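In the text below, chain A, chain B and the rest are named by the order of the sequence lines, each starting its count at 1. Please read all numbers here as calculations on a predicted model, not as lab measurements.
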Amino acid sequence: MQWTVDDVKAWLLWTLRQYNLPMISMEYFALDGVALSSLCEEEFQRRAPQCGCTLFAQLEIWKAACQELESRLDMTEASRWSSPGTSASNDASTSNNCASSSGDASDDEEEEGDPTPPPTAGGKVATRGGSHIHLWQFLKELLASPQLHGSCIRWLERTKGVFKIEDSVRVARLWGKRKNRPAMNYDKLSRSIRQYYKKGIMKKTERSQRLVYQFCHPYCM
DNA sequence: GACCGGAAGT
DNA sequence: AACTTCCGGT
């Protein structure tokens with residue numbers, strides 16, 4: 001990642017504001033992009049006890065988003081992480097409302113066959129070694145960045161934790177990729193969601209609608 | 001195709 | 001424990 005120390009600071013401030021998180025001491029984050037992306041979750045927690053895990057999760061989303069962008073306009077020129085606050089250019093994103101061009105057909109570009117992790121200089125780096133991520137956390141991650149994933153999953157009633165999966169195939173594919181389960185599909189993903197009913201992580205909505213689910217109180221916060 | 005849970009596997 | 005895989009039935 002090619003963020004400078006200032007880019008990192010801008011991203012932190014922007015993210016804090018986006019999610020109404022408490023202010024943190026920037027001095028512990030005087031890092032450039034490479035250094036920031038090599039921090040593990042515990043290191044985020046140490047630097048920002050109040051919101052370290054949220055920042056960590058958000059950074060993961062940014063990484064994924066940038067990878068997707070890169071793989072899309074790939075091959076041409078080197079792509080540089082665009083930064084949020086600074087230097088203006090907030091690219092107008094990627095919301096692909098691929099307006100139904102009626103016709104159809106061919107499925108979307110089979111995304112990335114190129115999981116190039118962000119350039120983490122210095123060698124090693126814990127890529128995504130022990131992502132113990134749970135499905136409900138993953139879904140919340142997707143829901144947290146509507147500009148990127150709003151076309152496949154979005155909140156219907158944020159405060160109640162009600163959301164809708166707009167593109168079951170895509171969401172399942174993203175989940176399978178995250179868990180390294182190439183055979184993942186919506187049938188299996190939805191089975192996992194159903195397990196959440198008895199665990200109290202999700203519940204059925206009052207009036208059941210296709211592809212609409214609801215988190216139980218604590219989990220949608 | 002989505003939804004539903006039992007049952008077995010990892 | 002938290003899924004993943006498979007499945008017969010709605």
Side-chain angles (χ1 to χ4, degrees), chain A residues 39-45 51-61 63-65 67-68 95-115 117 126-146 148-221:
Chain A
L39 297 182
C40 66
E41 185 167 4
E42 289 67 37
E43 291 170 318
F44 264 84
Q45 295 266 43
C51 51
C53 66
T54 301
L55 290 171
F56 179 76
Q58 282 307 119
L59 185 61
E60 289 297 300
I61 292 169
K63 289 182 187 174
Q67 283 176 51
E68 197 167 311
S95 48
N96 22 352
N97 311 327
C98 316
S100 41
S101 42
S102 47
D104 60 69
S106 20
D107 53 283
D108 32 318
E109 72 299 7
E110 202 41 88
E111 62 213 86
E112 60 266 276
D114 169 35
T127 48
R128 118 165 315 107
S131 62
H132 283 155
I133 192 167
H134 288 190
L135 176 58
W136 61 271
Q137 295 175 308
F138 176 75
L139 294 174
K140 282 185 63 181
E141 272 190 21
L142 297 184
L143 287 163
S145 51
L148 185 65
H149 298 114
S151 61
C152 63
I153 183 172
R154 66 188 176 84
W155 290 112
L156 286 189
E157 280 190 274
R158 177 73 239 252
T159 57
K160 288 187 176 178
V162 178
F163 64 95
K164 177 170 185 175
I165 292 175
E166 303 280 7
D167 185 338
S168 61
V169 173
R170 197 166 172 81
V171 171
R173 197 163 56 203
L174 290 169
W175 174 233
K177 185 186 244 184
R178 180 65 152 265
K179 289 288 293 293
N180 205 6
R181 288 282 177 215
M184 181 51 60
N185 57 32
Y186 181 68
D187 182 53
K188 288 183 277 196
L189 183 154
S190 63
R191 182 69 190 89
S192 290
I193 289 181
R194 269 176 255 131
Q195 305 276 36
Y196 283 158
Y197 293 153
K198 70 175 62 173
K199 292 180 184 172
I201 293 174
M202 288 205 210
K203 59 186 176 185
K204 295 183 184 179
T205 52
E206 297 179 43
R207 229 172 48 71
S208 74
Q209 310 171 64
R210 280 198 151 192
L211 299 169
V212 174
Y213 295 94
Q214 179 169 20
F215 283 102
C216 293
H217 328 91
Y219 295 92
C220 58
M221 313 273 275

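Between A:Lys204 and the phosphate of B:dC3, there is no side-chain N or O to OP1/OP2 separation shorter than 4.0 Å. For A:Ser190, no side-chain nitrogen or oxygen approaches OP1 or OP2 of B:dC3 to under 4.0 Å. In this structure, A:His132 does not reach the C:dA2 phosphate: none of its side-chain N or O atoms is under 4.0 Å from OP1 or OP2. In terms of phosphate contacts, A:Tyr213 brings a side-chain nitrogen or oxygen within less than 4.0 Å of OP1 or OP2 of B:dC3. One finds no side-chain N or O of A:Ser168 lying less than 4.0 angstrom from the OP1 or OP2 phosphate oxygen of B:dG1. Of the side-chain N and O atoms in A:Trp136, none sit less than 4.0 angstrom from OP1 or OP2 of C:dA2. Remark: A:Tyr197 is not in phosphate contact with B:dC3, judged by side-chain N or O atoms under 4.0 Å from OP1 or OP2.
Taking atom CG of residue A:Leu189 and atom C1' of nucleotide C:dT5, one finds them 13 Å apart after rounding to whole Å. To the nearest angstrom, P of C:dT5 lies 11 Å from CG of A:Asn180. Between the CD atom of A:Gln195 and the P atom of C:dC6 there is a distance of 15 Å, given to the nearest Å. Counting to the nearest Å, the C1' atom of C:dT5 and the NZ atom of A:Lys188 are 6 Å from each other. At whole-Å resolution of the value, CG in A:Leu135 and C1' in C:dT4 are 11 Å apart. In this structure, the CD atom of A:Gln137 is 11 Å from the P atom of C:dA2, given to the nearest Å. What separates CZ of A:Arg210 from C1' of B:dC4 is a distance of 13 Å, to the nearest Å. Rounded to an integer number of Å, the gap from NZ of A:Lys198 to C1' of C:dA2 is 13 Å.
The residue among A:Tyr186 and A:Arg181 whose nearest nucleotide of DNA chain B lies closer to the 5′ end is A:Tyr186. The 5' end of DNA chain C is approached more closely, in terms of each residue's nearest nucleotide, by A:Lys199 than by the other of A:Asp187 and A:Lys199. Place A:Arg194 and A:Ile201 on DNA chain C by their nearest nucleotides, and A:Ile201 ends up nearer the 5' end.
When all heavy atoms of A:Leu135 and A:Ser192 are compared, the closest pair comes out as CD2-CB, 3.6 Å. For the residue pair A:Phe215 and A:Lys140, the shortest heavy atom distance occurs at CZ-CG, 3.5 Å.
A:Trp155 and A:Phe163 have perpendicular rings, their planes meeting at more than 60° on a 0 to 90° scale where under 30° would count as parallel.
Of the candidate nucleotides B:dC3, C:dT5, C:dC3, C:dT5 has the atom nearest to the side chain of A:Arg191. When distances run from any side-chain atom of A:Met184 to the nucleotides C:dC3, B:dA2, C:dT5, the shortest one goes to C:dT5.
At a threshold of 4.5 Å between non-hydrogen side-chain atoms, the residues A:Phe138 and A:Leu189 do not count as touching. Side chains of A:Leu156 and A:Val212 form a contact here, defined as non-hydrogen atoms less than 4.5 Å apart.
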